[in-house]
Amino acid sequence: MASLHKILVLLFLLAMPKSHGVEDKVKVSLYYEALCPYCANFIVNQLGKALFQWNLISIVDLKMVPWGNTQFAPNNEWICQHGPDECEIDIVEACAIDLLPQKGLRFKLIECIESLNLQGRHAEWKSCLNSLKIYPNPIMDCYQSRKGVDLELKFADETLKLNPPHRFVPWVIVNNHPLQEDYQNFVGYICKAYKGGNKIQACQQHLLDTNSFKEANSSGVCYRNENKHTMPFSYNFQLHT
């Protein structure tokens, strides 16, 4: 009788619907730099649309790594591909990733900053804190302190350990598979990689045509070792307030 009870309990547990937790989600990593126009375009016009308008965020575990093609220089200096402003905004976005607990809000802040970049207004990035009603002090304190630098150094280490090494940004990885030049087809890779039970309408109805982004957005990348600027950024000087 006891054994029959155990069998019934086991059958009941097997029949229970599975919860769709973090373990089911597709891991998507974006390695980028703040002022690369192709990174900004990807974040604003492609990644954000797929994740939040098409609800892919429900099956994606997103990681963003703002370091990109930055190079180390002597005397605690960095050379960012698009100049010192890029180094500073990379730090701002690193602080947002670390401090904002809500992934949606942290993405919206980065998306807002990158949208300003596309408009040639990246110097106005602080306005995004106001428009999104984000209390500014923690991010500003992080940005103006050693903490922001340390966060960037952590992202630098992670970027430099990529295998294979990144050749350009945006560099998109889906479940440890680098998409390389095919990064604009990321939606198709996500739908194919997802093995959970959460039925995503966009994937089921093939609304995420792998060529749709290529038709709607110009493709391009920012290659390593093609620095547009050589002016170093020193994190020993006082950041702008």
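Along the sequence shown, residues are numbered consecutively beginning with 1.
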Worksheet item: Are L118 and L35 linked, directly or through other ILVMFWY residues, by side chains that come within less than 4.5 angstrom of each other?
Response: no
Discussion item. What verdict does the side-chain hydrogen bond (donor to acceptor under 3.5 Å, both in side chains) test give for E111 and S115, after you've listed the backbone C-alpha separation in whole Å, the side-chain angles of each residue and the deciding distance to 0.1 Å?
Written reply: CA-CA 6 Å; E111 182 182 45; S115 179; over 6 Å; no
Discussion item. Quick check for you: to the nearest 0.5 Å, what is the distance between F233 atom CZ and E77 atom CD?
Written reply: 10.0 Å
Fill in: Member of V92, L116, I110 meeting the side-chain contact (heavy atoms from CB on, under 4.5 Å) criterion with C128
L116
Discussion item. Taking L105 as the starting point, is it possible to reach L151 by hopping between hydrophobic residues whose side chains are less than 4.5 Å apart?
Written reply: no
Practice prompt. List the steps and the verdict of side chain to side chain contact (heavy atoms under 4.5 Å, CB included) for S58 and I200.
Written response: CA-CA 8 Å; S58 64; I200 301 299; 3.2 Å; yes
Worksheet item: Just wondering, more than 12 heavy atoms not from N130 lying within 6.0 Å of its CG?
Response: yes
Worksheet item: Is the closest side-chain heavy-atom distance between N76 and V149 below 4.5 Å?
Response: no
Worksheet item: Does the side chain to side chain contact (heavy atoms under 4.5 Å, CB included) test come out yes or no for L30 and I43, once each step is laid out?
Response: CA-CA 9 Å; L30 171 63; I43 290 168; 3.7 Å; yes
Discussion item. Can you tell me if the gamma sulfurs of C222 and C39 sit closer than 2.5 Å?
Written reply: no
Item to complete: Only one of R146, K147, K154 passes side-chain hydrogen bond (donor to acceptor under 3.5 Å, both in side chains) with D150; say which it is.
Response: R146
Worksheet entry | Gap between atom CZ of F42 and atom CD of E114 - 0.5 Å precision | 12.0 Å
Item to complete: Give a yes or no on whether Q119 atom CD has more than 12 heavy-atom contacts from other residues, nucleotides or ligands under 6.0 Å away.
Response: yes
Discussion item. Using modelled atom types and a 3.5 Å cut-off, is there a donor and acceptor pairing between side-chain atoms of D61 and backbone atoms of V26?
Written reply: no
Worksheet entry | Criterion side-chain hydrogen bond (donor to acceptor under 3.5 Å, both in side chains) against N69, the qualifying member of H166, H82, R167, R224 | H166
Discussion item. I'd like to know if the side chain of N117 reaches the main chain of A34, judged simply by a donor and an acceptor atom lying under 3.5 Å from each other, with no hydrogens or angles considered.
Written reply: yes
Practice prompt. Please confirm whether the backbone N or O of L100 pairs with a side-chain atom of K103, one donor and one acceptor, at under 3.5 Å?
Written response: no
Worksheet, complete the sentence: All heavy atoms of W171 vs all of P164, minimum pair found to be CZ2-O, 4.3 Å
Worksheet item: Between E152 and A94, is there a donor-acceptor pair closer than 3.5 Å when you use the side chain of the first and the backbone of the second?
Response: no
Discussion item. Let me confirm one number: the CG-OH distance from N175 to Y194, rounded to the nearest 0.5 Å.
Written reply: 12.0 Å
Item to complete: For residues Y31 and M64, determine if any side-chain heavy atom of one lies less than 4.5 Å from a side-chain heavy atom of the other.
Response: no
Item to complete: Indicate, with yes or no, if V44 and I113 share a hydrophobic cluster defined by side-chain heavy-atom contacts under 4.5 Å among Ile, Leu, Val, Met, Phe, Trp and Tyr.
Response: no
Practice prompt. May I ask you to test the C203-L56 pair for a side-chain heavy-atom distance under 4.5 Å?
Written response: yes
Discussion item. Do S29 and V65 have side chains that approach each other closer than 4.5 Å (heavy atoms only, starting at C-beta)?
Written reply: no
Item to complete: Please determine if K126 forms a cation-pi arrangement with Y143, meaning its NZ or CZ atom is less than 6.0 Å from the six-membered ring centre and no more than 45° off the ring axis.
Response: no
Worksheet item: From C95 SG over to M140 CE, what is the distance, rounded to the nearest 0.5 angstrom?
Response: 9.5 Å
Practice prompt. Could you walk me through whether F52 and F107 pass ring pair (Phe, Tyr, Trp, His ring centres under 6.0 Å), step by step?
Written response: CA-CA 10 Å; F52 295 99; F107 184 88; 5.3 Å; yes
Response to the item:
Between L109 and A96, the two heavy atoms sitting closest are CD2-CB, 3.6 Å
Worksheet item: Can you find a heavy atom in the side chain of N41 that is under 4.5 Å from one in the side chain of Q46?
Response: yes
Discussion item. V221 vs Y183, test: side chain to side chain contact (heavy atoms under 4.5 Å, CB included). Steps then yes/no.
Written reply: CA-CA 10 Å; V221 297; Y183 75 91; 3.8 Å; yes
Discussion item. Quick one, D24 and N198 - any side-chain contact, counting heavy atoms below 4.5 Å?
Written reply: no
Worksheet entry | Sub-4.5 Å side-chain heavy-atom contact between F186 and V28 | no
Worksheet item: About how many Å separate CD of Q144 and CD1 of I91, when rounded to the nearest 0.5 Å?
Response: 11.0 Å
Discussion item. Testing the basics here: between V169 and C36, what is the closest heavy-atom pair and its distance to 0.1 Å?
Written reply: O-SG, 4.0 Å
Practice prompt. Apply side chain to side chain contact (heavy atoms under 4.5 Å, CB included) to L153 and W78, showing your working.
Written response: CA-CA 10 Å; L153 290 174; W78 307 337; 3.8 Å; yes
Discussion item. Could you go through Y32 and E93, starting from their C-alpha distance and side-chain angles, then the distance that decides it, and tell me whether this counts as side-chain hydrogen bond (donor to acceptor under 3.5 Å, both in side chains)?
Written reply: CA-CA 11 Å; Y32 73 103; E93 296 187 0; 2.7 Å; yes
Worksheet item: Roughly how far apart are K108 NZ and I134 CD1, rounded to 0.5 Å?
Response: 11.5 Å
Worksheet item: So do V172 and Q184 actually touch side chain to side chain, heavy atoms under 4.5 Å?
Response: no
Discussion item. Looking at E33 and D90, would you say the former's side chain and the latter's main chain have a donor-acceptor pair under 3.5 Å?
Written reply: no
